Amino acid sequence: MTTTPTTPLTPSLIATLPGRHYTDPDLFRQEQERIFESLWFCAVRAADLDKPGAFRTVQIGRESVVVTRNRAGELRAFLNICRHRGARLCLESVGEVRRSLQCPYHAWTYDLDGKLIAAPNLASLTDIDRSAYGLRPVHLREWLGYGWLCLADEPPSFEETVIGAAVERLGDVAAIDRYGVAGLALGKRITYDVQANWKLIVENFMECYHCATIHPELTDVLPEFADGLAAQYYVGHGAAFGAEVKGFTVDGSAGFGRLDGIDEEQDRRYYAITVKPTVFVNLVPDHVILHRMFPLGPDRTVVECDWLYAPEVVASGADLSGSVELFHRVNSQDFDACERTQPAMSSRAYRDGGVLVPSEHHIGKFHRWVREQITEPGTDSALSPPPSPGACTSVSP
Ligand code: FES
Ligand code: FE
């Protein structure tokens with residue numbers, strides 16, 4: 001039996017970020033450079049690149065990146081920029097080539113490992129070392145069946161910054177390994193174009209204060225999430241299904257068989273993990289829901305949400321709509337709330353920010369993390385440390 005935590009009584013309210021952190025193009029540019037272009041960024045589902053030559057292009061911060069699979073079957077990622085005069089190499093977001101990537105401008109041609117293999121008239125330039133003009137590689141790791149990219153020259157520790165998020169939430173890496181996420185099959189993907197800053201989406205995902213208000217279907221399945229102040233505790237420690245609930249579906253009806261490997265403790269529970277900056281992983285006994293965000297502007301974020309099931313479930317043609325519909329509604333309810341909040345970020349009413357109630361206090365840690373990434377001493381007063389916790393205790397919610 002899980003014990004509900006006690007909630008500290010003071011300070012009851014702490015400050016959020018000021019509104020400009022959600023609207024200011026300069027702050028967003030700093031986030032692009034120091035967060036999305038500096039940390040590990042979950043870019044593609046590896047199985048989407050199902051054969052050599054399949055490619056996807058993704059926007060990471062200010063850079064376009066092409067991810068492909070080489071002849072040996074390994075994922076490769078490169079800046080989507082031709083080394084000749086800088087034309088964008090792949091123009092489509094999804095595509096397939098036979099053996100090479102050819103620039104549409106002057107036809108410089110690169111193999112699937114990024115090596116320059118042909119260019120008009122280049123053979124006559126005997127002083128040119130072709131190996132110096134390959135595509136610029138991007139660091140790539142595979143985890144959970146996704147390609148995680150890092151544009152930094154020296155990436156931070158993947159184990160600490162990515163896998164560490166799951167360990168922090170679940171206690172150890174074995175707990176997520178048991179879901180076998182990399183071996184699951186894609187049952188459904190929905191792409192949401194959300195007119196809101198990426199941090200509003202993260203903050204919303206990190207709290208459950210809103211669950212009782214906007215997620216009636218979710219709280220029917222997970223009654224603990226309707227428990228206002230304590231709900232947050234269950235987000236991290238596994239929220240139990242209601243006694244009458246048969247599965248994680250929109251009406252609580254039965255889902256599919258438990259994934260091989262998960263243990264009794266994980267059965268009939270929902271776990272949520274935020275992997276900063278842009279990934280949410282949702283674990284339930286018979287499927288996994290993984291969100292990848294692509295922040296495209298201060299007020300626009302594209303979210304790709306994948307529903308992943310045991311391969312035999314997808315192959316059988318089973319009706320997935322009951323489980324897909326549950327989280328599709330949750331997504332829609334959440335993103336609607338974020339879109340309702342975004343316009344207020346530029347209001348004078350939110351110039352100094354708002355407040356977090358105790359069950360949202362952990363979001364203050366996220367805010368501190370964001371400020372640490374973008375702080376440049378002496379450049380912007382908006383980046384000064386947040387008010388001390390006591391500073392807002394006199395403000396009414
Ligand atoms: Fe690509 Fe010239 S810019 S071949
Ligand atoms: Fe929600």
Side-chain angles (χ1 to χ4, degrees), residues 42 45 143-146 162-163 165-171 173 175-192 194 198 201-208 210-211 214-215 217-225 231-242 245 247-250 252 255-256 258-259 261-262 265-293 301 303-310 313-314 320-335 337-338 362:
C42 187
R45 184 163 183 272
W143 189 56
L144 303 181
Y146 288 80
V162 177
I163 299 176
V167 172
E168 185 183 336
R169 211 51 156 155
L170 304 178
V173 73
I176 191 164
D177 285 348
R178 285 195 282 271
Y179 288 83
V181 186
L184 301 181
L186 182 68
K188 181 77 175 176
R189 171 172 296 158
I190 299 179
T191 302
Y192 304 85
V194 186
W198 67 281
I201 299 173
V202 173
E203 293 159 10
N204 173 81
F205 188 79
M206 291 178 84
E207 55 106 334
C208 205
H210 64 270
C211 290
I214 69 172
H215 295 319
E217 301 87 356
L218 184 64
T219 51
D220 279 352
V221 173
L222 305 173
E224 290 165 344
F225 272 13
Q232 185 55 43
Y233 173 79
Y234 299 111
V235 175
H237 294 78
F241 291 6
V245 168
F248 196 73
T249 58
V250 70
F256 303 101
R258 197 167 106 178
L259 294 169
I262 67 168
E265 174 79 1
Q266 294 168 305
D267 199 9
R268 295 183 58 75
R269 284 186 183 276
Y270 163 85
Y271 296 86
I273 304 165
T274 303
V275 185
K276 294 191 296 285
T278 52
V279 175
F280 309 141
V281 186
N282 308 266
L283 306 166
V284 291
D286 64 337
H287 64 286
V288 171
I289 304 158
L290 194 141
H291 298 77
R292 277 171 293 146
M293 289 194 289
T301 308
V303 185
E304 272 197 7
C305 184
D306 290 347
W307 281 258
L308 307 166
Y309 299 83
V313 169
V314 175
L320 307 175
S321 61
S323 54
V324 170
E325 182 63 19
L326 174 56
F327 229 86
H328 172 54
R329 287 195 196 181
V330 170
N331 286 338
S332 302
Q333 292 153 350
D334 282 333
F335 300 154
C338 294
H362 60 290

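Predicted model only: the values in this text are computed from it and were never measured.
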How long is the gap from [atom1] on [X] to [atom2] on [Y], to the nearest 0.5 Å?
| X | Y | atom1 | atom2 | value |
| --- | --- | --- | --- | --- |
| Cys211 | Leu222 | SG | CG | 8.5 Å |
| Asp267 | Arg258 | CG | CZ | 4.5 Å |
| Arg268 | Ile262 | CZ | CD1 | 11.5 Å |
| Thr274 | Glu203 | OG1 | CD | 11.0 Å |
| His215 | Cys208 | NE2 | SG | 7.0 Å |
| Asn282 | Asp306 | CG | CG | 11.5 Å |

Could you pull out the closest heavy-atom pair between [X] and [Y], with the gap in Å?
| X | Y | value |
| --- | --- | --- |
| Ala182 | Gly145 | CB-N, 3.5 Å |
| Asn204 | Cys338 | CB-SG, 3.9 Å |
| Asn331 | Cys305 | ND2-SG, 3.5 Å |
| Tyr179 | Val284 | CE2-O, 3.5 Å |
| Ala240 | Pro223 | O-CD, 4.0 Å |
| Ala239 | Glu224 | CA-OE1, 3.3 Å |

[X] side-chain N/O to [Y] backbone N/O, donor-acceptor pair under 3.5 Å:
| X | Y | result |
| --- | --- | --- |
| Arg329 | Leu218 | no |
| Arg169 | Ala272 | yes |
| Thr301 | Trp198 | yes |

Evaluate the side-chain proximity of [Y] to [X]: yes if any heavy-atom separation is below 4.5 Å, no if none is.
| X | Y | value |
| --- | --- | --- |
| Val281 | Leu144 | yes |
| Leu320 | Phe256 | yes |
| Asp334 | His210 | yes |
| Val250 | His328 | no |
| Leu308 | Ile289 | no |
| Glu325 | Glu217 | no |

Decide side-chain contact (heavy atoms from CB on, under 4.5 Å) for Ile201 and Tyr192; before the verdict, give the C-alpha distance in whole Å, the side-chain angles of both, and the deciding distance to 0.1 Å. CA-CA 12 Å; Ile201 299 173; Tyr192 304 85; over 6 Å; no
Yes or no on side-chain contact (heavy atoms from CB on, under 4.5 Å) for Arg45 and Glu304, after CA distance, side-chain angles and deciding distance?
CA-CA 10 Å; Arg45 184 163 183 272; Glu304 272 197 7; over 6 Å; no
Assign the ring pair [X] / [Y] to parallel, tilted or perpendicular, where the plane angle (0 to 90°) is split at 30° and 60°.
| X | Y | result |
| --- | --- | --- |
| Phe280 | Phe205 | parallel |
| Phe248 | Tyr270 | parallel |
| Tyr309 | His287 | parallel |

With sequence neighbours left out, the residues meeting side-chain hydrogen bond (donor to acceptor under 3.5 Å, both in side chains) with Trp307 are none
Side chain to side chain contact (heavy atoms under 4.5 Å, CB included) test vs Ile176 passes for just one of Val167, Ile163, Ile273, namely Ile273
message = Measuring centre to centre across the rings, with the benzene-like ring taken for any Trp, is Phe327 within less than 6.0 Å of His291?
response = yes
For residues 271-289, the salt bridge (Lys or Arg N to Asp or Glu O under 4.0 Å) pairs (sequence neighbours left out) are none
